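Below is one structure, written out as structure tokens; the observations come after it.
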Amino acid sequence: MPEYTAPRGTRDILPSETPKWQYLESVFRDICALCDYKEIRTPTFEHTELFTRNLGETTDVVSKEMYTFISRGNKSLTLRPEGTAPVIRAYVQHNLGAGLPVNKLYYIGRSFRYERPQAGRYREHTQLGVEALGSADPAIDAEVISLAAHFFKTVGVKQFELQLNSIGCPECRPAYRKALVVFAEAKVDKLCATCATRYEQNPLRMLDCKVPECKALLVGAPKMSDHLCEDCSGHFAKVQGYLTKFGIDFILDPSLVRGFDYYTKTAFEFVSGELGAQNAIGGGGRYDNLVREVGGSETPGIGFGLGLDRLAMTLDLLGVELPVRDGITAFVAGLGEVGHEAAVELVRSLRMEGIPTDMDYTGRSLKAQMKVANKLKARYVVILGEDEIRAVVATVRDMKTSEQNSVPMMDLAKALKGA
RNA sequence: GCGGGAGUAGCUCAGGUGGUUAGAGCGCCAGGUUGUGGCCCUGGAGGCCGUGGGUUCAAGUCCCAUUUCUCGCCCCA
């Protein structure tokens with residue numbers, strides 16, 4: 001083991017992997033542009049209260065997974081554990097709502113959570129997400145969900161499950177909550193320890209419990225969908241209607257409860273069977289009160305986030321070949337001192353012509369330079385020796401066909417460009 | 001926070017019951033061509049056997065601790 005390794009739960013994305021990541025990010029940017037979402041970049045850390053007050057004190061993330069530290073100014077700061085709250089903070093701080101009726105934003109950034117690492121779960125992970133602020137129209141719920149589905153399909157995840165639920169609003173959720181508590185009251189001492197806590201603090205999360213006994217006990221529990229107020233049930237019906245029209249399959253999952261307290265109405269998750277236990281590749285929901293809670297005016301919103309790490313892993317498992325560009329156009333091999341000097345200049349001028357070019361800087365033999373060129377997947381090797389320099393030409397070898405011919409220096413860039 | 005598996009060359013892994021200079025394949029470097037890649041042949045470099053302690057005449061091998069990775073619980077992306 002080397003003396004220094006990447007900290008637990010973090011990892012290096014090496015040059016062999018980064019083209020894939022760049023490709024995924026660029027597809028995401030393209031689709032966002034297509035749907036008119038604009039990029040926003042927010043700080044890596046925020047004031048701790050932004051998260052503690054808005055994600056929910058009792059959520060796992062806030063209660064035990066945040067990277068919180070006291071800065072020199074004696075302020076408590078936290079590395080962002082999720083992407084939405086910072087975007088909302090920026091939206092409110094800069095009063096973006098005053099400029100446009102609906103602000104459609106996207107971000108690509110790292111999130112940090114102190115969790116036990118396992119397959120598809122890291123302490124630092126990259127999240128891509130969108131937030132649409134300013135509209136309560138169910139059509140925008142459908143837009144956000146379809147943007148996500150579009151993205152997954154475009155990059156090659158053809159099979160996924162879209163789980164959908166509505167978790168109501170402050171109008172109807174308290175009544176539902178009460179119904180659930182009444183239902184669970186008699187069984188609370190048979191529930192698992194965490195569910196007993198949930199019963200007290202956040203009963204809805206009991207629905208989400210994976211312990212078989214709890215699941216069994218909660219069979220027949222009242223469903224949120226039966227308790228939605230008129231507004232929420234109408235909204236939910238319309239979202240489903242749009243998704244159906246869009247041809248996006250979904251599964252209604254009454255037990256789907258998201259991890260943060262700010263969600264209202266629509267909640268959804270994208271699940272892929274390829275991954276292990278960490279099978280959620282993306283998710284999101286509506287948060288009609290979050291902007292006000294962060295200090296802005298009454299502004300409805302909806303968003304979703306997806307984990308790039310998990311997506312990359314899913315694509316690997318699926319064996320999806322991404323159209324990543326690799327290899328250079330030209331490798332210039334210089335022979336001897338004179339050849340090397342000439343190569344330095346030629347490489348520079350080919351690059352100025354926009355031709356991806358590289359050369360050797362370790363004084364290797366021609367044979368060794370050819371091997372390097374091959375490894376770099378160079379389309380052509382341009383050989384410069386004394387003979388070529390004297391004749392003001394270059395020997396150009398086509399590495400695919402092994403054909404080789406002499407090209408006047410003047411025509412070289414043009415010849416390589418046409419390739 | 002809890003439980004299972006694992007840590008030997010850059011990578012993937014061998015190294016019965018403890019016993020001399022720790023091996024292979026791939027990769028890397030060089031040679032087989034006075035200036036030519038992929039295939040092949042030959043040679044070479046490269047290991048505090050995760051770390052610390054213990055048992056022993058002797059530890060990669062046994063014991064303990066620790067750390068990292070890994071898989072699962074929980075939660076989520």
Side-chain angles (χ1 to χ4, degrees), chain A residues 1-11 14 16 55 58-65 80-84 108-129 148 152 192-195 197-198 202 205 208-212 214 256-260 269-272 275-284 304-314 331 333-336 338-339 360 362 364-389 395-404:
Chain A
M1 268 294 126
E3 186 175 359
Y4 298 110
T5 56
R8 185 168 171 73
T10 69
R11 61 191 182 139
L14 300 175
S16 55
L55 307 193
T58 62
T59 60
D60 282 26
V61 167
V62 168
S63 61
K64 54 190 186 198
E65 295 174 359
R80 63 167 171 242
E82 58 100 49
T84 300
I108 297 178
R110 312 278 192 136
S111 291
F112 306 84
R113 289 180 203 172
Y114 190 89
E115 297 178 276
R116 189 78 183 262
Q118 72 185 69
R121 189 169 77 186
Y122 302 94
R123 289 181 172 179
E124 176 181 22
H125 76 275
T126 300
Q127 196 163 325
L128 317 185
F152 287 131
C192 71
T194 33
C195 278
T197 316
R198 286 169 175 154
N202 195 349
R205 291 214 64 83
D208 211 28
C209 189
K210 308 294 189 295
V211 178
C214 294
L256 175 65
V257 183
R258 300 239 73 216
F260 303 127
E269 241 165 65
F270 288 88
V271 172
S272 165
L275 296 163
Q278 312 304 316
N279 60 1
I281 50 176
F304 96 98
L306 70 98
L308 196 47
D309 306 72
R310 282 187 193 173
L311 178 62
M313 184 181 287
T314 304
F331 184 92
L335 285 159
V338 197
D360 170 59
T362 59
R364 290 175 189 229
S365 67
L366 178 59
K367 182 189 173 98
Q369 292 190 62
M370 294 297 293
K371 289 179 104 164
V372 172
N374 194 51
K375 214 174 299 170
L376 295 177
K377 297 183 180 143
R379 187 64 228 285
Y380 296 98
V381 173
V382 178
I383 299 167
L384 290 181
E386 284 178 32
D387 299 349
E388 284 84 358
I389 292 167
T395 298
V396 176
R397 181 179 179 86
D398 184 322
M399 295 296 273
K400 262 194 198 133
T401 63
S402 298
E403 281 167 20
Q404 203 164 293

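Small disclaimer: the values here were computed from a predicted structure and weren't measured. Quick note: numbers below take in every heavy atom, side chains included, and nothing from hydrogens, waters or symmetry partners.
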Subject >> Proximal nucleotide (of B/C76, B/U68, B/A77) relative to the A/Arg205 side chain >> reply: B/C76
Subject >> Euclidean distance, atom CG of residue A/Asn279 to atom P of B/G72 [Å, nearest integer] >> reply: 10 Å
Original post:
Starting at the 5' end of RNA chain B, which residue's closest nucleotide do you reach first, A/Thr10 or A/Gly283?
Top reply: A/Thr10
**OP:** Any chance you could list the contact pattern along nucleotides 25-37 of chain B? Use B for base contacts, S for sugar-phosphate-only contacts and - for none, protein heavy atoms under 4.0 Å, 5' to 3'.
**Re:** ---SSS-B--BBB
Subject >> Between P of B/C76 and CG of A/Asp309, the distance in whole Å >> reply: 18 Å
**OP:** Kindly indicate whether the side chain of A/Thr58, heavy atoms from C-beta on, has any atom under 4.5 Å from the side chain of A/Arg205.
**Re:** no
Subject >> Closest contact, heavy atoms only, A/Arg258 versus A/Gly283 >> reply: NH1-C, 3.4 Å
Original post:
Is the number of heavy atoms from other residues, nucleotides or ligands within 6.0 Å of CD (A/Gln404) greater than 12?
Top reply: yes
Original post:
Going from CG on A/Asp398 to CD on A/Glu403, what distance comes out if it is rounded to the nearest 0.5 angstrom?
Top reply: 6.5 Å
Original post:
Does the side chain of A/Phe270 reach to within under 4.5 Å of the side chain of A/Leu306, using non-hydrogen atoms?
Top reply: no
Original post:
Taking the P atom of each, how far is B/G31 from B/U70, in whole Å?
Top reply: 40 Å
Original post:
How far does the P atom of B/G19 sit from the matching atom of B/A58, given to the nearest Å?
Top reply: 14 Å
Subject >> Between B/A14 and B/G47 - C1' atom distance, rounded Å >> reply: 15 Å
Original post:
Distance between the C1' atoms of B/U20 and B/G1, in whole angstroms?
Top reply: 49 Å
Subject >> Closest non-hydrogen atom pair between A/Thr59 and A/Phe260, with its separation >> reply: CG2-CA, 4.1 Å
Subject >> Nucleotide B/C2, atom C1' - distance to CD of A/Glu115 in whole Å >> reply: 15 Å
**OP:** For B/C29, give its Watson-Crick or G-U wobble partner with both distances under 3.5 Å, or none.
**Re:** B/G43
Subject >> Base B/C71 paired with A/Arg121 side chain (donor-acceptor, <3.5 Å) >> reply: no
Original post:
What is the nucleic acid contact for A/Arg110, judged by heavy atoms within less than 4.0 Å: base, sugar-phosphate only, or nothing?
Top reply: nothing
Subject >> Nearest heavy-atom neighbours spanning A/Arg80 and A/Gly109 >> reply: NH2-CA, 3.5 Å
Original post:
Have A/Glu124 and A/Thr10 got a donor and an acceptor in their side chains that come within less than 3.5 Å?
Top reply: no
Original post:
What's the spacing between A/Arg121 CZ and A/Arg113 CZ if we round to 0.5 Å?
Top reply: 10.0 Å
Original post:
For B/A24, what is the paired nucleotide under Watson-Crick or G-U wobble rules, both distances under 3.5 Å?
Top reply: B/U12
Subject >> Interatomic distance at P, B/C41 relative to B/U68, whole Å >> reply: 44 Å
Please tabulate, one pair per line, each protein N/O and nucleotide N/O from nucleotides 41-47 of chain B that are separated by under 3.5 Å, including the distance.
none

**OP:** Report the base-pairing partner of B/G52 (Watson-Crick or G-U wobble, both distances below 3.5 angstrom), or none.
**Re:** B/C64
**OP:** Please work out if A/Arg258 contacts a base, only the sugar-phosphate, or nothing of the nucleic acid, heavy-atom cut-off 4.0 Å.
**Re:** sugar-phosphate
Subject >> Integer-rounded Å distance: B/G1 C1' and A/Glu65 CD >> reply: 11 Å
**OP:** With heavy atoms under 4.0 Å as the rule, sort A/Ala373 into base, sugar-phosphate or nothing.
**Re:** nothing
Subject >> Inter-nucleotide P distance (B/A6, B/C64), Å rounded >> reply: 13 Å
Subject >> Whole-angstrom distance between B/U56 and B/G10, as gauged at atom C1' >> reply: 35 Å
Original post:
Which atoms form the tightest heavy-atom contact between A/Pro117 and A/Arg8, and what is the distance?
Top reply: CD-NH2, 3.9 Å
**OP:** Using heavy atoms to find the nearest nucleotide of RNA chain B for A/Ala119 and A/Gly305 separately, return the residue whose nucleotide is more 5′.
**Re:** A/Ala119
Original post:
Is there a donor N/O on one and an acceptor N/O on the other, under 3.5 Å, for the side chain of A/Gln118 and the base of B/C74?
Top reply: yes
**OP:** Could you check whether A/Gly9 gets within reach of a base, just the sugar-phosphate, or nothing at all, counting any heavy atom under 4.0 Å?
**Re:** sugar-phosphate
Original post:
Rounded to whole angstroms, how far apart are CZ on A/Arg116 and P on B/C2?
Top reply: 8 Å
Subject >> Note, A/Leu256 side chain near A/Glu269 side chain (heavy atom, < 4.5 Å) >> reply: yes
**OP:** Can you tell me, in whole Å, how much space there is between the P of B/U8 and that of B/C13?
**Re:** 9 Å
Original post:
Does the side chain of A/Glu65 reach to within under 4.5 Å of the side chain of A/Arg123, using non-hydrogen atoms?
Top reply: no
Original post:
Taking atom P of B/A77 as reference, at what distance in whole Å does atom CZ of A/Arg80 sit?
Top reply: 15 Å
**OP:** In whole angstrom, give the distance that lies between atom CZ of A/Phe304 and atom P of B/C76.
**Re:** 18 Å
Original post:
Now, which nucleotide makes the Watson-Crick or G-U wobble pair with B/C73, with each of the two distances under 3.5 Å?
Top reply: B/G1
Original post:
A/Gly120 near the nucleic acid: base, sugar-phosphate alone, or nothing, with a heavy-atom cut-off under 4.0 Å?
Top reply: base
**OP:** Using atom CZ of A/Arg8 as one end and atom P of B/U68 as the other, report the distance to the nearest whole Å.
**Re:** 6 Å
